[in-house]
Every structure is written in C-alpha cells, then in structure tokens.
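Each remark here refers to the structure printed beneath this line.
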Amino acid sequence: MSKFNKKKDGDLPAVSTASLPDIVFMLLFFFMTVTVMKDNTIKVKNELPKATEIKKLEKKDRVITIFVGQPNQEYQKVFGTESKIQLNDKFANVSDVGDYILAERAKKPQEVQNFLTTSLKVDKDANMGLIADIKLQLRKVNALKVNYTTYEGDAFSNIQ
C-alpha cells in the first residue's frame with residue numbers, strides 16, 4: 001500500500017502574476033484616454049470674489065470661458081497694470097469678444113450650440129466698466145446665458 005500525504009492546513013497556492021502586465025497596460029491606456037490636459041494658462045490675476053448663492057455648472061463642455069483681471073507680473077511690462085481680457089491664451093480687446101464667442105460656438109457640436117454658457121472669471125478688483133462692455137459684446141452675438149464664477153463664502157468679505 002502506498003502512503004498518502006496529508007495536505008497541510010493553511011497553505012495557499014501561489015498567486016499567478018502572468019496577467020499582471022496585461023492589467024498594468026490596460027490601466028495605462030485607460031488613463032491616457034480619459035485624462036484631459038489643461039487648456040489655458042491664466043495670464044491675469046484671478047482672485048475670484050465670494051458669494052453665498054452659488055450653483056455648480058454641470059456640463060463643462062458647454063462653457064466658454066473669459067478671464068478678466070490685471071496682467072500677471074511677467075506681462076505687466078508689456079500690457080501695463082490695467083485690467084485686461086484673456087481669451088484662450090492671449091490678451092484681447094473688448095471688440096474681440098464677439099468674434100471669439102462666435103468662433104468657439106462654431107467649434108461645438110450643432111446640438112449643443114444653443115445651450116452654451118459664457119463663464120466670466122473676473123478678478124474681484126477688476127473694473128466694472130470693462131465687464132459692462134464685455135456684456136454688451138455678448139448681447140450683440142446673442143450669447144445671453146452668462147455665468148460669473150465665484151467661490152463660496154461671505155459676500156461682505158469682498159468689500160475692502
């Protein structure tokens with residue numbers, strides 16, 4: 001008669017690492033496809049004001065952003081210290097805002113063009129006259145849905 005060896009209790013079989021490279025590459029490809037690169041470099045001072053009644057924008061693909069503020073230190077030699085408008089990665093005049101909105105609207109799919117929101121990211125120290133001029137340009141191109149980007153907080157802290 002032959003001997004039967006008893007199985008030792010508690011021994012686990014070795015974990016197979018054969019599929020590990022496949023999993024690593026699958027994760028790598030996933031993160032490569034879903035990662036969104038930063039679109040714009042902010043060239044203006046952008047200290048946003050605080051507000052109490054805020055609402056988060058749900059669909060970021062339907063937002064056109066305009067930055068307004070004093071140029072950063074490295075651009076002040078060329079552009080001065082007055083508030084400037086930044087459209088994408090360049091400084092612009094008020095008269096360029098309408099053309100910018102029309103160009104950005106044309107880049108979007110036809111089904112979302114009527115639902116676009118213009119988001120104004122305005123520095124809390126910016127000149128309100130400049131904002132009024134921007135809003136006038138937005139009215140001329142029928143971009144009537146305007147959002148002011150803010151931080152949540154006490155609105156009275158904006159008063160200096």
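Please read these numbers as outputs of a predicted model, since none were measured by experiment.
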Anything under 3.5 Å between a donor and an acceptor, one on a side chain of residues 90-101, the other on a protein residue two or more places apart or in another chain? List them.
{"from": "D96", "atom 1": "OD2", "to": "N93", "atom 2": "N", "distance (Å)": "3.1"}
{"from": "Y100", "atom 1": "OH", "to": "T65", "atom 2": "O", "distance (Å)": "3.3"}
{"from": "Y100", "atom 1": "OH", "to": "N88", "atom 2": "OD1", "distance (Å)": "3.3"}

Give the minimum heavy-atom separation between [X] and [Y], together with the two atoms involved.
X	Y	result
A155	A51	CB-CA, 4.4 Å
P49	V122	CD-O, 3.5 Å
T52	G153	CG2-O, 3.3 Å
G69	V44	O-CG1, 3.6 Å
G80	P71	O-CG, 3.5 Å

| message | Checking one residue: L57. Which other hydrophobic residues are in its cluster under the side-chain 4.5 Å linking rule? | response | V63
Separation between [atom1] of [X] and [atom2] of [Y], rounded to the nearest 0.5 Å:
X	Y	atom1	atom2	answer
D123	Q70	CG	CD	7.5 Å
L48	T149	CG	OG1	6.5 Å
S83	N127	OG	CG	6.0 Å
I54	Y151	CD1	OH	11.0 Å

Heavy-atom neighbours of [X] [atom1] exceed 12 at 6.0 Å:
X	atom1	result
E152	CD	no
K43	NZ	yes
F79	CZ	yes

| Do T117 and R62 pass the side-chain contact (heavy atoms from CB on, under 4.5 Å) test, and can you show the C-alpha distance, the side-chain angles, and the key distance before you say yes or no? | CA-CA 6 Å; T117 301; R62 298 178 183 186; 5.6 Å; no
Check whether [X] and [Y] end up in the same hydrophobic cluster, where Ile, Leu, Val, Met, Phe, Trp and Tyr are linked by side-chain heavy atoms less than 4.5 Å apart.
X	Y	result
L130	Y75	no
L138	M128	yes
L136	L102	no
V78	I42	yes

| request: Only one of L28, I23, D22 passes side chain to side chain contact (heavy atoms under 4.5 Å, CB included) with F25; say which it is. | output: L28
Using side-chain heavy atoms (C-beta onward) and a distance below 4.5 Å, is [X] in contact with [Y]?
X	Y	value
V146	L120	yes
F67	I85	no
I66	Q86	no

Any donor-acceptor N/O pair, [X] side chain to [Y] backbone, under 3.5 Å:
X	Y	answer
K121	V68	no
T35	M32	no
N158	K124	no
Q76	T81	no

| request: Could you pull out all residues at least two apart from K45 that satisfy salt bridge (charged side-chain N to carboxylate O under 4.0 Å, His left out)? | output: D125
| task | With sequence neighbours excluded, tell me which residues meet salt bridge (charged side-chain N to carboxylate O under 4.0 Å, His left out) with K107. | result | E104
| Which salt bridge (charged side-chain N to carboxylate O under 4.0 Å, His left out) pairs, counting each pair once, include a residue from residues 77-86, with sequence neighbours left out? | none
What pairs of donor and acceptor atoms, side-chain ones from residues 108-115 against any protein atom, are under 3.5 angstrom apart with sequence neighbours left out?
{"from": "K108", "atom 1": "NZ", "to": "D61", "atom 2": "O", "distance (Å)": "3.1"}
{"from": "Q113", "atom 1": "NE2", "to": "R105", "atom 2": "O", "distance (Å)": "3.0"}
{"from": "Q113", "atom 1": "NE2", "to": "K108", "atom 2": "O", "distance (Å)": "3.1"}

